[in-house]
Trainee: 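Would you mind keeping the following structure in view while I ask a few things?
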Amino acid sequence: MPELKSLLSDLPSVDEILRSAYGLDWLEKYPRKIVVKAVREVINSHRTAIISGIEPDISTESLIDKIGVELKKLSAFSLRKVINATGVVIHTNLGRSILSESIMQHVQEIACGYSNLEYDIEKGARGKRYSHIQNLITEITGAESSLIVNNNAAAVLICLNTLAKGKDVIVSRGELVEIGGSFRIPDVMISSGAILKEVGTTNKTHIKDYAQAINENTALLLKVHQSNFRIIGFTKSLTLQELVSLGKRFQIPVMFDLGSGCLIDLKPYNISIEPSVQEIIKTGVDIVTFSGDKLLGGPQGGIIAGKKKWIDQISHNPLMRALRIDKMTLSAFEATLRCYFDEESAKNQIPTLQMLLQDIGIIKKRAQKTLLKIKKIKNFSIHDHCEIMIIEDNSQSGGGALPEIEFPTFAVALKPYKKSVNSIEKKLRQCNPPIIARIGDERLIFDMRTVRDNEIELLLKGLIEALQGDD
Ligand SMILES: *Cc1c(COP(=O)(O)O)cnc(C)c1O
């Protein structure tokens with residue numbers, strides 16, 4: 001082994017690199033802190049490699065290349081745009097609902113300037129943050145009153161804490177759900193200070209199970225939407241209507257954690273299992289909570305809608321301040337909710353609804369257009385790399401909504417000749433912007449439901465990179 005000492009002393013110092021032509025160039029382009037960090041990290045990794053007996057290539061070019069890569073990494077945003085080719089419209093890991101440009105224009109105006117967030121312009125006095133959307137929510141849903149907090153988990157928490165702290169909340173064993181990312185009904189119950197009273201069994205809960213559990217310490221009957229799973233076969237659960245009747249009989253409020261919450265009627269699309277929020281309010285339920293960024297298609301938030309009596313109590317809970325939403329979210333909500341005055345405009349202007357309900361012919365055209373463009377790329381023959389075709393497939397809504405419903409879709413599918421599907425999938429994730437695709441049947445599948453028209457060029461660029469690059 002060459003003498004460790006001489007190898008180590010061959011490594012340039014941070015200072016030497018900073019004073020080199022490359023160093024000076026970087027210092028002009030990037031903040032000094034970042035340049036120093038990148039240089040130091042690359043030198044350190046080389047030093048570690050030398051000491052551990054692996055002799056790294058310490059030619060100047062290799063060091064410079066590595067520092068260049070490191071600098072790009074350090075100066076890039078961590079949270080950034082990706083292309084969603086999974087077909088899952090409300091993809092929690094990819095940011096759930098996306099907002100339209102027109103909605104963002106309003107958000108930008110509010111965020112980049114002062115606003116009447118908590119100011120009553122007519123009176124010239126202090127105003128209320130939630131006044132901007134409270135009426136919108138009640139008009140659209142038919143509820144008496146409403147509130148909005150950080151997310152649906154927060155909505156459930158503050159409702160339980162207000163109405164049932166130290167008291168019993170009755171829930172069916174079939175509804176003690178876990179929604180990804182650690183939202184579990186029994187855990188939220190503990191955090192809220194309410195006492196969980198489970199009734200029934202996993203598959204069957206009868207009205208008498210609830211009735212027998214009710215006593216003077218019962219504060220609330222809670223129904224939870226099963227969201228991301230279904231129990232099928234020998235089952236029985238109460239309809240919301242039955243639970244509401246029971247609540248009325250015993251004079252105990254009934255709350256429904258709806259999870260996703262759809263503000264339009266999906267029946268014309270043959271999606272009949274998910275009642276709209278309007279239909280749920282009509283049952284006479286006391287409180288319903290749902291997310292802003294699932295089927296509603298807005299920003300992250302948790303909407304609480306229901307009887308004024310309870311909403312007023314909740315609004316005075318000190319937790320309200322801890323869970324409140326900011327002006328950007330509020331402006332995005334107002335702009336999104338305004339689209340719902342006209343159901344057609346909601347379907348066109350809210351990307352989540354637009355992608356879920358878009359005509360299959362449009363998806364097919366997008367897939368065909370993409371395939372044609374791939375075949376026409378200059379100096380690149382796709383057929384040298386893979387078999388490529390358009391396939392019929394199914395996409396999912398995601399976000400814990402409509403789990404058993406498959407949305408027929410069209411996808412571009414490719415089967416590489418030389419490389420593995422997994423290596424291409426990985427390469428696509430390393431693109432800028434990263435492309436997130438699906439693997440199925442040993443093919444790479446780009447579901448064109450969730451790829452936006454203005455992303456097709458980026459998709460092509462990424463695809464060429466991934467297919468041509470080294471493994
Ligand atoms: C999604 C969901 C939640 C959590 O909502 P967030 O907005 O993610 O906080 C709670 N309950 C149900 C039934 C859900 O589907």
Side-chain angles (χ1 to χ4, degrees), residues 65-66 68-69 72-73 76-77 79-96 98 351-352 354-356 358-398 405-471:
D65 278 355
K66 284 191 180 139
V69 171
K72 281 222 172 89
K73 248 200 257 169
F77 279 112
L79 177 58
R80 57 205 180 112
K81 173 191 171 67
V82 306
I83 293 178
N84 176 6
T86 66
V88 180
V89 177
I90 310 169
H91 198 307
T92 295
N93 299 150
L94 305 184
R96 287 201 185 152
I98 62 174
T352 294
Q354 190 251 324
M355 283 188 274
L356 267 180
Q358 69 193 311
D359 189 74
I360 178 115
I362 294 177
I363 308 178
K364 188 176 185 179
K365 277 212 188 94
R366 193 178 301 129
Q368 287 169 332
K369 184 172 134 190
T370 307
L371 183 62
L372 201 68
K373 283 192 170 200
I374 294 173
K375 288 183 174 169
K376 281 188 179 165
I377 299 171
K378 281 204 191 87
N379 307 322
F380 178 82
S381 166
I382 187 77
H383 299 296
D384 291 347
H385 299 274
C386 60
E387 191 187 333
I388 190 160
M389 71 207 80
I390 289 174
I391 58 165
E392 285 182 50
D393 204 355
N394 287 301
S395 354
Q396 282 175 346
S397 103
I405 294 190
E406 299 204 304
F407 294 80
T409 191
F410 281 92
V412 175
L414 60 87
K415 202 172 201 160
Y417 294 134
K418 299 169 209 152
K419 298 180 179 176
S420 73
V421 177
N422 291 56
S423 77
I424 305 232
E425 187 269 343
K426 185 175 167 200
K427 279 246 164 321
L428 286 164
R429 279 189 277 118
Q430 290 162 347
C431 287
N432 186 22
I435 298 164
I436 316 298
R438 254 202 332 256
I439 293 178
D441 207 9
E442 284 170 51
R443 286 185 295 197
L444 206 60
I445 296 169
F446 301 89
D447 188 330
M448 297 312 285
R449 177 183 298 277
T450 46
V451 176
R452 317 295 287 162
D453 283 324
N454 60 9
E455 292 173 339
I456 292 177
E457 294 299 328
L458 290 168
L459 186 76
L460 299 190
K461 184 179 135 279
L463 192 58
I464 300 175
E465 254 175 61
L467 287 169
Q468 282 185 327
D470 306 327
D471 272 332

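Quantities reported herein were computed from a predicted structural model and do not represent experimental measurements.
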Trainee: When you measure from the side chain of Lys415 to the backbone of Asp441, do you find a donor-acceptor pair of N or O atoms at a distance under 3.5 Å?
Mentor: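 Looks like no, no N/O pair under 3.5 Å.
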Trainee: Is it true that a side-chain atom of Arg443 and a backbone atom of Ala413 form a donor plus acceptor pair closer than 3.5 Å?
Mentor: no
Trainee: Can you confirm whether Leu444 sits close enough to Ile439 that some side-chain heavy atom of one is under 4.5 Å from a side-chain heavy atom of the other?
Mentor: yes
Trainee: When rounded to the nearest 0.5 angstrom, what distance separates CZ in Arg429 from NZ in Lys427?
Mentor: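 So the CZ of Arg429 and the NZ of Lys427 are separated by 11.0 Å.
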Trainee: For Arg449 and Met355, indicate whether the former's side chain and the latter's backbone hold a donor-acceptor pair under 3.5 Å.
Mentor: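 Here the side-chain-to-backbone pair exists.
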Trainee: When you compare the side chain of Phe446 with that of Val451, does any pair of heavy atoms fall below 4.5 Å?
Mentor: no
Trainee: Let me know which of Leu467, Ile83, Ile435 forms a side chain to side chain contact (heavy atoms under 4.5 Å, CB included) with Leu428.
Mentor: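 Answer to the side chain to side chain contact (heavy atoms under 4.5 Å, CB included) test with Leu428 among Leu467, Ile83, Ile435: Ile435.
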Trainee: I need the minimum non-hydrogen distance between Arg366 and Asp453, along with the two atoms involved.
Mentor: NE-OD1, 3.0 Å
Trainee: Calculate, to the nearest 0.5 Å, the distance between atoms CD1 and SG belonging to Ile424 and Cys386 respectively.
Mentor: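 Interatomic distance, Ile424 CD1 to Cys386 SG, rounded to 0.5 Å: 7.0 Å.
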Trainee: Between Phe380 and Gln468, which heavy-atom pair has the shortest distance, and what is it?
Mentor: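 Residues Phe380 and Gln468, closest heavy atoms: CD1-NE2, 3.4 Å.
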Trainee: Side-chain contact, heavy-atom cut-off 4.5 Å: Ile388 with His383?
Mentor: yes
Trainee: Check Gly87 against Ser395 and note the closest heavy-atom contact, atom names and distance.
Mentor: O-CB, 3.2 Å
Trainee: Can you find a pair of side-chain heavy atoms, one from Ser397 and one from Ile405, that are under 4.5 Å apart?
Mentor: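 When only atoms from C-beta onward are counted, Ile405 and Ser397 do not touch, as no gap falls below 4.5 Å.
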Trainee: Any heavy-atom pair between the side chains of Asp393 and Asp447 that's under 4.5 Å?
Mentor: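 Heavy-atom side-chain distance check fails, nothing below 4.5 Å.
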Trainee: List the atom of Pro434, the atom of Lys81, and the distance in Å for their closest heavy-atom pair.
Mentor: CD-O, 3.4 Å
Trainee: Are Arg80 and Asn432 packed together at the side-chain level, in the sense that at least one heavy-atom pair is separated by less than 4.5 angstrom?
Mentor: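 They are in contact (side-chain heavy atoms under 4.5 Å apart), so the answer is yes.
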Trainee: Please report the interatomic distance CD1(Ile377) to CG(Leu460), rounded to the nearest 0.5 Å.
Mentor: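 Ile377 CD1 to Leu460 CG: 5.0 Å, rounded to 0.5 Å.
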Trainee: How close do Asp384 and Lys418 get, counting heavy atoms only, and between which atoms?
Mentor: O-NZ, 3.3 Å
Trainee: Can Leu463 and Leu414 be said to form a side chain to side chain contact (heavy atoms under 4.5 Å, CB included), step by step?
Mentor: CA-CA 11 Å; Leu463 192 58; Leu414 60 87; 3.7 Å; yes
Trainee: Roughly how far, to the nearest 0.5 Å, is the CD1 atom of Ile382 from the CG atom of Leu371?
Mentor: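 Spacing of CG (Leu371) from CD1 (Ile382) equals 8.5 Å.
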Trainee: Identify the heavy atoms of Glu455 and Thr450 that sit nearest to each other, and give their distance.
Mentor: OE1-O, 4.2 Å
Trainee: First locate atom CG of Leu372, then atom CD1 of Ile390, and finally report the distance between them rounded to the nearest 0.5 Å.
Mentor: 9.0 Å
Trainee: With a 4.0 Å cut-off, would you call Lys364 and Glu392 a salt bridge?
Mentor: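 A salt bridge is absent here (no side-chain N lies under 4.0 Å from a carboxylate O).
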Trainee: Could you please spell out the steps behind the salt bridge (Lys or Arg N to Asp or Glu O under 4.0 Å) verdict for Glu457 and Lys461?
Mentor: CA-CA 6 Å; Glu457 294 299 328; Lys461 184 179 135 279; over 6 Å; no
Trainee: Between atom CD of Gln396 and atom NE2 of His91, what is the distance when rounded to the nearest 0.5 Å?
Mentor: 9.5 Å
Trainee: Are the side chain of Arg438 and the backbone of Thr86 linked by a donor-acceptor contact shorter than 3.5 Å?
Mentor: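 Side chain of Arg438 to backbone of Thr86, a donor-acceptor pair under 3.5 Å: yes, one is there.
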